[in-house]
Amino acid sequence: MTSVVSARRRFIGWRALPVLALAAASLPAAAQSMACGTYKQDDGNATLILESEGHGFLTSARSPTEELRIARSEDVLGMVNLATGRMENWTFGEGDRTLTGGYHDFVREKAAACKPFYAVEEGSCRADPVGCLEHYLKAEPVQLRQWCSEDVPVACKRLIEVYQEQANAAAPEEPPPFPMPAQCDETAKGHDPAVCMRLLETMAGEIMGMAIMGLSHASEAVLPPGQLIELAGLCQRHPREEFCQSVAEAQWNAGRLLEARDALQHACSTRADAHACTLVAPLVGLSAAALSPVPTTTLPCASYEAENGIPSDLQFGDAGVVQLSGYATRLRARVQDGRIHLRRDIGDDVVLQTTRDGSLVGMDGNTRFAHYTRQPGGAGGCSAPLSFTEIPQPLDCPTLDREGGPEACCKAGQLLGCKLAASARARDEDWKSTLPYYAALCTAGVRDGCVGLAEVYVHTGDEAVPNMLTAICAKGGATHIACDVDATRGWPTLRARVRAIAEEAAGGE
């Protein structure tokens, strides 16, 4: 429940209340008595419980319970949410029968006698929640750690956020996904600042578009061991659902899988239907060996299944090709930095880690907390994985902003023009006209061009497309990227899907 009142106005409104002195276990005599009881949100999705003169709870079936510090002056109820840091003033009405705050009204469902307000330690964050949380986003870790130890959930969550921000900032910068255009090189003869800017804007647009669509996720840096140990202890002593699940993610990311399971169990302990309970259930009965990562040196040759994780099943076969049940596209596996990476057409790799008992665990955002158990039987001996040659998308079209500029660039062999021309036609659903542009990219060794050809087939059913990929592969040699894209398409499944779409469209006419 988010108030429309600005944060600054909330603070001022709360500060204006004569009952701000929350350090005492009871309110000043001038304060109006709290209307304790249970209040139901007008849409039925949340319940507000005013338990004492100084605290209450906000509960919902779909989210953790949030503890509130409250104070009343006349018909105004000031609230500080210790789980979110939000500060709001709500209003009693109809003789305390209703409470209005944010976008909703709450109606009293059951009145109750106020319980005694719990004792708070003088100088603690709970004693003066406004004073400590008004600027908690800028607080240093030492202060957040203190507030977290005082069982202020938002401080715990902010502490791990700060640690992650620091780790990400300290991590080495990843190289750009595109080569720097020649027009951006101040020492080069063709240096052109205006063209450089247009090309870089195009590159930035591509990267931002992937991020907005959720197709690319920057990996989080591993936290230092000392911080991981500290966070595990805080989670154990102050088990809050969101905080402990975040701690579990940080532990898993660092390869501390047993510690991650412990943190998930603490997160699950807060309520039976917590999301953490679903995540931890498949991990509870596993041995230490099943959750002890070891470096991967070779690709497996077997099938694996997991209760959680997308994908949920993996069948490793010849040449590093991995089949997924129900998918028309296979993935190509490789060993990189002691882990298994499965290349996807769009988005980041699926990343897996081998464990001491021969299982696999998921290490990327989609498979995190997934444990893949090796299935009986297997493919026997699999042939060695293949690697393919591809080139990054060049930024080489100086006339990209002119009418017909991309097409002219493509004709001149400048591959950015081919990409832009194909993308524009794909956006207009004119898939057949994208063929020559994707073909030019694919032939040159740009993976997006080969994947684009396969996408043309999905939208048109043109049987010339698979033949085109096969021909480019044959001409370019066994390591050409077209060979990889061709081999990882499930053409029979794709053909069946194209026929089903066509039949459905025909039936609707």
Side-chain angles (χ1 to χ4, degrees), residues 46-49 51-52 54-69 80-86 115 118-121 124-127 129 132-133 136 139 141-164 220 222-286 288 291 308 368-371:
T47 301
L48 173 66
I49 302 172
E51 192 162 278
S52 76
H55 84 290
F57 301 95
L58 196 57
T59 68
S60 170
R62 293 190 293 270
S63 60
T65 296
E66 299 171 354
E67 185 177 357
L68 310 171
R69 288 286 279 109
V80 177
N81 190 316
L82 298 182
T84 66
R86 290 197 300 267
K115 297 179 179 179
Y118 60 78
V120 291
E121 184 180 349
S124 69
C125 186
R126 282 177 168 267
C132 73
L133 296 183
Y136 83 95
V142 63
Q143 186 65 78
L144 292 169
R145 193 181 307 120
Q146 174 61 38
W147 294 339
C148 180
S149 67
E150 296 171 5
D151 199 22
V152 178
V154 70
C156 299
K157 289 192 294 183
R158 180 57 187 159
L159 178 63
I160 193 170
E161 287 174 0
V162 171
Y163 281 162
Q164 196 65 66
E220 290 187 340
V222 174
L223 299 187
Q227 292 180 356
L228 291 168
I229 293 171
E230 174 195 299
L231 291 169
L234 287 169
C235 166
Q236 182 178 11
R237 293 188 296 274
H238 307 283
R240 299 284 181 166
E241 181 178 338
E242 291 180 81
F243 171 57
C244 285
Q245 183 165 327
S246 295
V247 171
E249 292 173 2
Q251 302 286 352
W252 193 276
N253 188 39
R256 294 163 54 93
L257 309 185
L258 292 169
E259 292 83 354
R261 180 175 65 181
D262 289 344
L264 281 177
Q265 287 179 307
H266 288 306
C268 176
S269 68
T270 60
R271 60 188 182 105
D273 53 355
H275 180 53
C277 299
T278 302
L279 297 175
V280 78
L283 307 177
V284 169
L286 298 179
L291 292 175
N308 294 330
R368 185 189 289 124
F369 303 130
H371 177 269

Under a 4.5 Å cut-off applied to non-hydrogen side-chain atoms, are [X] and [Y] in contact?
X	Y	result
Glu259	Leu228	no
Gln236	Asp262	no
Leu234	Leu159	yes
Leu291	Trp252	yes
Thr270	Thr65	no

Grab the two heavy atoms, one from [X] and one from [Y], that are nearest each other, plus how far apart they are.
X	Y	value
His266	Cys244	CB-SG, 3.9 Å
Gly85	Val154	N-CG2, 3.8 Å
Leu144	Ala139	CD1-O, 3.7 Å
Phe369	Leu283	O-CD2, 3.7 Å
Ala276	Ala267	CB-CB, 3.5 Å
Ala155	Cys148	CB-N, 3.8 Å

Test: Cys125-Cys132 SG spacing under 2.5 Å: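 Yes; the two sulfurs sit under 2.5 Å apart.
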Arg158 vs Trp147, side-chain contact (heavy atoms from CB on, under 4.5 Å): CA-CA, chis, key distance, verdict: CA-CA 10 Å; Arg158 180 57 187 159; Trp147 294 339; over 6 Å; no
Drop me the distance from [X]'s [atom1] to [Y]'s [atom2], to the nearest 0.5 angstrom.
X	Y	atom1	atom2	result
Cys277	Gln265	SG	CD	10.0 Å
Arg256	Leu223	CZ	CG	10.0 Å
Leu68	Glu51	CG	CD	11.0 Å
Arg271	Ser63	CZ	OG	6.5 Å
Thr278	Asn308	OG1	CG	7.0 Å
Leu264	Glu249	CG	CD	8.5 Å

Short side-chain to backbone donor-acceptor contact, Arg69 and Arg126, under 3.5 Å: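 Yes.
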Under 3.5 Å: donor-acceptor pair, side chain of Lys157, backbone of Thr84: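 Absent.
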Worked verdict on Phe243 versus Leu231 for side-chain contact (heavy atoms from CB on, under 4.5 Å): CA-CA 9 Å; Phe243 171 57; Leu231 291 169; 4.1 Å; yes
All side-chain hydrogen bond (donor to acceptor under 3.5 Å, both in side chains) counterparts of Asp151, not counting sequence neighbours: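 For Asp151, the residues satisfying side-chain hydrogen bond (donor to acceptor under 3.5 Å, both in side chains) (neighbours in sequence not counted) are Arg240.
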Donor + acceptor pair across side chains of Glu241, Gln245 (<3.5 Å):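 No, because no side-chain N or O of Glu241 sits under 3.5 Å from a partner of the opposite role on Gln245.
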Which residues share a side chain to side chain contact (heavy atoms under 4.5 Å, CB included) with Ser52, sequence neighbours left out: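 His55, Phe117.
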